[in-house]
K.L.:
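Sharing a structure below in structure tokens format, with a few things to ask.
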Amino acid sequence: MNKCQLLFEDKLKFDNQQEVLTYISEHLQQKKIVKKSHLKALIEREALFPTGIALDGYAVAIPHCEAEHANTPAVFIIRTQSPVAFSRADDDCTVDVSLIISLVVTSPEDQLDLLKALFSNLQNKEFYHFLLKAPQDEITERFSKVIFN
């Protein structure tokens, strides 16, 4: 994968999934990471293929869309003040998430590799809790080692 920016926001308050997706896209557009088409694509993809994932006693959302809406690769980690309901990937219900990891890739192959690495590590409850609690500099260092290598 090309050099990938890792962005991080902590203790953000959202009322719903739509607010999260809008925040992600607007933040990434301001940094010129994504194109203007990103928000619409992100919302449409999330409606068709939800990204809320319930794991063993915890949950995460991994919103992303097609590579054509990206300018440069990035991963945007958001920790919320309180859980936000996301549509589940595996059924018609929702799951409350406090950790959101939005992926921005410039090639479909990178997206698949990144998703595999992310899923593999998120199945480790310790890694999830680390992402949920650790200081930003520690997250940046560890995430780069286990996900981007």
Side-chain angles (χ1 to χ4, degrees), residues 1-12 14 17 20-35 37-80 83-91 93-149:
M1 172 179 259
N2 295 335
K3 185 163 169 69
C4 185
Q5 282 186 272
L6 184 60
L7 299 107
F8 180 85
E9 293 280 340
D10 199 14
K11 298 184 173 129
L12 296 182
F14 301 103
Q17 175 179 314
V20 173
L21 299 177
T22 301
Y23 180 85
I24 288 168
S25 191
E26 288 176 353
H27 189 77
L28 295 174
Q29 282 182 53
Q30 287 174 356
K31 296 191 172 293
K32 310 268 190 257
I33 293 170
V34 298
K35 300 172 183 173
S37 61
H38 182 263
L39 178 57
K40 183 175 188 255
L42 192 62
I43 291 169
E44 288 174 355
R45 193 201 181 283
E46 194 70 30
L48 291 173
F49 305 104
T51 61
I53 301 165
L55 297 161
D56 185 21
Y58 56 102
V60 63
I62 308 175
H64 57 282
C65 62
E66 295 77 15
E68 67 194 63
H69 305 287
N71 292 322
T72 61
V75 173
F76 189 10
I77 299 172
I78 298 174
R79 297 190 295 204
T80 62
V84 179
F86 258 76
S87 297
R88 281 181 62 155
D90 60 351
D91 67 29
C93 298
T94 61
V95 63
D96 290 337
V97 302
S98 297
L99 181 64
I100 300 156
I101 304 172
S102 184
L103 308 179
V104 178
V105 296
T106 53
S107 80
E109 298 81 25
D110 287 346
Q111 181 169 306
L112 186 58
D113 290 345
L114 190 53
L115 280 169
K116 284 180 185 176
L118 192 54
F119 281 130
S120 174
N121 283 279
L122 284 172
Q123 290 180 30
N124 175 346
K125 195 179 279 193
E126 184 274 329
F127 182 71
Y128 168 84
H129 286 290
F130 171 80
L131 291 178
L132 204 55
K133 305 285 184 198
Q136 180 178 352
D137 59 333
E138 290 179 28
I139 288 174
T140 300
E141 181 181 334
R142 184 161 173 199
F143 197 90
S144 295
K145 283 181 186 174
V146 299
I147 302 298
F148 299 140
N149 286 334

K.L.:
I'd like to know if R142 and E138 make a salt bridge, using a cut-off of under 4.0 Å between side-chain N and carboxylate O.
P.N.:
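Salt bridge absent between R142 and E138.
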K.L.:
Mind checking the CD1-CG spacing from I77 to L7? Nearest 0.5 Å is all I need.
P.N.:
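The distance works out to 9.0 Å.
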K.L.:
Return the minimal non-hydrogen interatomic distance between F119 and I62, and the atom names on each side.
P.N.:
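Heavy atoms of F119 and I62 come nearest at CE2-CD1, 3.8 Å.
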K.L.:
Of all heavy-atom pairs between A61 and V97, which one has the smallest distance, and what is that distance?
P.N.:
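The pair with the smallest heavy-atom distance is N-CG1, 3.8 Å.
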K.L.:
I need the I101 CD1 to N121 CG distance, nearest 0.5 Å.
P.N.:
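One gets 9.5 Å once the value is rounded to the nearest 0.5 Å.
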K.L.:
Below 4.5 Å, heavy atoms only, C-beta onward: do F143 and L131 meet side chain to side chain?
P.N.:
yes
K.L.:
Does atom NZ of K31 have more than 12 heavy-atom neighbours, drawn from other residues, nucleotides or ligands, at distances under 6.0 Å?
P.N.:
no
K.L.:
How far does CG of L103 sit from CG of L114, to the nearest 0.5 angstrom?
P.N.:
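CG of L114 is found 4.5 Å from CG of L103.
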K.L.:
Above 12 or not: heavy atoms from other molecules or residues under 6.0 Å from CG of D90?
P.N.:
yes
K.L.:
Can you tell if the side chain of V75 reaches within under 4.5 Å of the side chain of C4, non-hydrogen atoms only?
P.N.:
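The answer is yes, as the side chains (C-beta and beyond) meet within the 4.5 Å cut-off.
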K.L.:
List the atom of K35, the atom of E68, and the distance in Å for their closest heavy-atom pair.
P.N.:
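So the minimum-distance heavy-atom pair works out to NZ-O, 3.0 Å.
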K.L.:
Could you walk me through whether S102 and I78 pass side chain to side chain contact (heavy atoms under 4.5 Å, CB included), step by step?
P.N.:
CA-CA 8 Å; S102 184; I78 298 174; over 6 Å; no
K.L.:
Within a strict 4.5 Å, meaning less than it, do heavy atoms of the T51 and R45 side chains meet?
P.N.:
yes
K.L.:
Under a 4.5 Å cut-off applied to non-hydrogen side-chain atoms, are K125 and D56 in contact?
P.N.:
yes
K.L.:
Should P73 and D110 count as side-chain neighbours, where that means a heavy-atom distance under 4.5 Å?
P.N.:
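No, side chains not in contact.
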K.L.:
Give the minimum heavy-atom separation between L39 and L21, together with the two atoms involved.
P.N.:
CD1-O, 3.7 Å
K.L.:
Work out which heavy atom in T140 is nearest to a heavy atom in S144; give both atom names and the distance.
P.N.:
O-OG, 2.8 Å
K.L.:
Output, in order, the C-alpha distance, side-chain angles, deciding distance and verdict of side chain to side chain contact (heavy atoms under 4.5 Å, CB included) for L122 and I53.
P.N.:
CA-CA 10 Å; L122 284 172; I53 301 165; over 6 Å; no
K.L.:
Starting from the C-alpha separation in whole Å, work towards a yes-or-no answer on side chain to side chain contact (heavy atoms under 4.5 Å, CB included) for R79 and L99.
P.N.:
CA-CA 5 Å; R79 297 190 295 204; L99 181 64; 4.1 Å; yes
K.L.:
Mind checking whether L115 and H64 have side chains closer than 4.5 Å, heavy atoms only?
P.N.:
yes
K.L.:
When rounded to the nearest 0.5 angstrom, what is the spacing between SG in C65 and CG in L48?
P.N.:
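Between atom SG of C65 and atom CG of L48 there are 12.0 Å.
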K.L.:
Can you list the residues that meet the ring-ring contact (aromatic ring centres under 6.0 Å, His included) rule with F14, with sequence neighbours excluded?
P.N.:
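ring-ring contact (aromatic ring centres under 6.0 Å, His included) list for F14, sorted by chain: Y23.
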K.L.:
Before you tell me yes or no, could you show the steps for D113 and V105 under side chain to side chain contact (heavy atoms under 4.5 Å, CB included), namely the whole-Å CA-CA distance, both residues' side-chain angles and the distance that decides it to 0.1 Å?
P.N.:
CA-CA 10 Å; D113 290 345; V105 296; over 6 Å; no
K.L.:
Atom OG of S87 and atom CD of Q17: how far apart are they, to the nearest 0.5 Å?
P.N.:
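Here the rounded value is 4.5 Å.
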K.L.:
So, for T106 and A67, which heavy atoms are closest and what is the spacing to 0.1 Å?
P.N.:
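Between these two residues, the closest heavy atoms are C-CB, 3.5 Å.
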K.L.:
Can you measure from NE2 (H38) to CD (E26) and round to the nearest 0.5 angstrom?
P.N.:
11.5 Å
K.L.:
In a check of side chain to side chain donor-acceptor pair (under 3.5 Å) between S37 and each of Q29, H69, E66, which one passes?
P.N.:
H69
K.L.:
Could you list the residues that satisfy ring-ring contact (aromatic ring centres under 6.0 Å, His included) with F86, not counting sequence neighbours?
P.N.:
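For F86 there are no ring-ring contact (aromatic ring centres under 6.0 Å, His included) partners, ignoring immediate neighbours.
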